[in-house]
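Structure first, commentary second.
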Amino acid sequence: MSNQDKLIIFDTTLRDGEQSPGASMTRDEKVRIAKALERMRVDVIEAGFPIASPGDFESVQAVARAVTGSTVCGLARALDKDIDRAGEALKQAASARIHTFIATSPIHMQMKLRMQPEQVIEQAVRAVKRARGYTDNVEFSPEDAGRSEVDFLCRVIEAVIDAGASTINIPDTVGYNLPHQFGELIRTLIERIPNADKAVFSVHCHNDLGLAVGNSLSAVLNGARQVECTINGLGERAGNAALEEVVMAVQTRQDVFPCKTGLDTTQIMTCSRLVSGITGFAVQPNKAIVGINAFAHESGIHQDGVLKSRETYEIMRAQDVGWSANRIVLGKHSGRNAFRTRLQELGIEFSTEEDLNETFSRFKELADKKHEIFDEDLQSLVTETGLESGNDWLKLMSLKVCSETGETPYARLTLWVDGEERPAESPGSGPVDASFKAIEALINSGTELQLYSVNNITSGTDSQGEVTVRLQRGGRIVNGQGADTDIVIASAKAYINAINKIIQRDERAHPQLGDV
Ligand code: KIV
Ligand code: ZN
């Protein structure tokens, strides 16, 4: 494929996706997602913002070590200290990129940066030159480009290309643009900037008006050859452009798009489930491509048409994005080898034999309760193993709830609190409420419950319930997850997981509220 025919897919689930309130991920979770993205043949993985916290630095470093098939990128404000930290985190990457940015819109320059336009150009150039000291692969973003003046954008971009930036990313940071306007902006920049041919033009669209994918595609039709996106459209506020939608639009409408991605689209569902399982952000049923209803036909007319000829109502094949027709995979009698093999097919590998054993014994426990184990169950088991760490402050030892018509529900539980076994009990308005109150009776966490949601992982009343609990304390928000065939137990696990996260999470800086 020539450069003009190739559309580079830059995934920022681990960076911009993680900026979604409550979507924080551990280092190991990030490595798992990065490996799944690599298997899907994503070209560039933005693994994080290394200066934000020691945890972010270690995550970028771990992804850089683990991934060899995709370029690994680290974000840095246009500051020496940020760039040095990114360069350090990416040292061991087989292919590394530094992505540096500074705001260029009048409102950001005046109100946030308090800098003159000339100073912004100077700082952008300095940052790109410094990043080139670490790698030849440097990306520059004029933040809030969607509200910047075109003449000024042209000057900044020309200067940073001269300084050595090989990718120019145009962010619609606040999701303000409309598709025809954004496409026009990309075309104008490419036509007017004298050295535009020395760089790949990229776009990064936010979804505040629900236009992130539309704006990205319009940009591609006007010359952009990299799209920045996230799995399931995760991201700051209303999210980023959804990778699966961008990729499938380009693939399905090859009559319109003059370029192709190199992605293995059959990995899309695996990545989607992995990200929603790890972050606790459920995918809405009618979400394009990855929603449970995306290929379901309810009306008789549609069903009849699809049975006669699939193309009557379907523009894509479900298998092409990884929905498999036969999803029953394992059962009670399946052995370790079958278990390991199916997980390998799903792209899941264990870093230690202990993790495999731990997950296998969870699988056996589940198979005793539930006869048919689906891919979704397996993915949830792996996520569960990753959720619990040997040194968790809080663990659930046992839980008993009483729920009877006409009686007040009651929960009795035993927790492991900081190395000590402790009992507690509480009434509540329902068994879940009673369980949460019993946990709080012991630990008095000072958190506020912001969200409680239950989803069935598969269909059927023996399905596992996957629970997400979002807690807030002192402005910090975390999501906790838990899964079990008993949804009260799943709820207690999710609550405990959130408490552990709120206790363990390190303070991190936000890239766009910085001190440039
Ligand atoms: O939305 C944005 O502007 C960003 C930049 C850091 C590229 O995320
Ligand atoms: Zn962004």
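First listed ligand is number 1; within each ligand, the first listed atom is number 1. Worth knowing before you read on, the calculation uses all heavy atoms, side chains too, and leaves out hydrogens, waters and symmetry mates.
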Inset, instruction - Among all protein heavy atoms, pick out the one at the shortest distance from atom 3 (O) of ligand 1; state its residue, atom name and that distance to 0.1 Å. - result: Thr173 OG1, 2.6 Å
Inset, instruction - Give, for atom OG1 of Thr26 and atom NZ of Lys501, the distance between the pair rounded to the nearest 0.5 Å. - result: 7.5 Å
Inset, instruction - Could you tell me which atoms of ligand 1, counted from 1 in the order shown, lie closer than 4.0 angstrom to a heavy atom of Asp16? - result: 8 (O)
Inset, instruction - Please report which non-hydrogen protein atom sits nearest to atom 2 (C) of ligand 1, along with the residue it belongs to and the distance in Å to one decimal place. - result: Gln512 NE2, 3.0 Å
Inset, instruction - Answer side chain, backbone, both or neither: which part of Glu236 comes under 4.0 Å from ligand 1, heavy atoms only. - result: neither
Legend entry - Over 12 foreign heavy atoms within 6.0 Å of CD, Gln119: yes
Legend entry - Nearest-neighbour protein heavy atom for atom 6 (C) of ligand 1, which is reported as residue plus atom name and distance: Arg15 NH2, 3.7 Å
Legend entry - Ring-face cation of Arg470 near Phe281 (centre distance under 6.0 Å, axis angle within 45°): yes
Inset, instruction - Assess Asp16: does it contribute an N, O or S atom lying under 2.8 Å from the Zn ion (ligand 2)? - result: yes
Inset, instruction - Write down the atom of Val220, the atom of Arg225, and the distance for their closest heavy-atom approach. - result: O-NH1, 3.0 Å
Inset, instruction - Quickly, which of Thr252, Val256, Val250 forms a side chain to side chain contact (heavy atoms under 4.5 Å, CB included) with Gln254? Name it, please. - result: Val250
Legend entry - From OG1 (Thr13) to CD (Glu18), nearest 0.5 Å: 10.5 Å
Inset, instruction - Taking the Zn ion (ligand 2) as the vertex, measure the angle between atom NE2 in His204 and atom NE2 in His206; round to 10°. - result: 100°
Inset, instruction - Pick out which of Thr71, Asp43, Thr68 makes a side chain to side chain donor-acceptor pair (under 3.5 Å) with Ser95. - result: Thr71
Legend entry - Side chain, backbone, both or neither: the part of Glu228 lying under 4.0 Å from ligand 1 by heavy atom: neither
Inset, instruction - Taking only heavy atoms of Glu143 into account, list the atoms of ligand 1 that are under 4.0 Å away from them. - result: 3 (O)
Legend entry - Contacting atoms of ligand 1, where contact means under 4.0 angstrom from a heavy atom of His206: 1 (O)
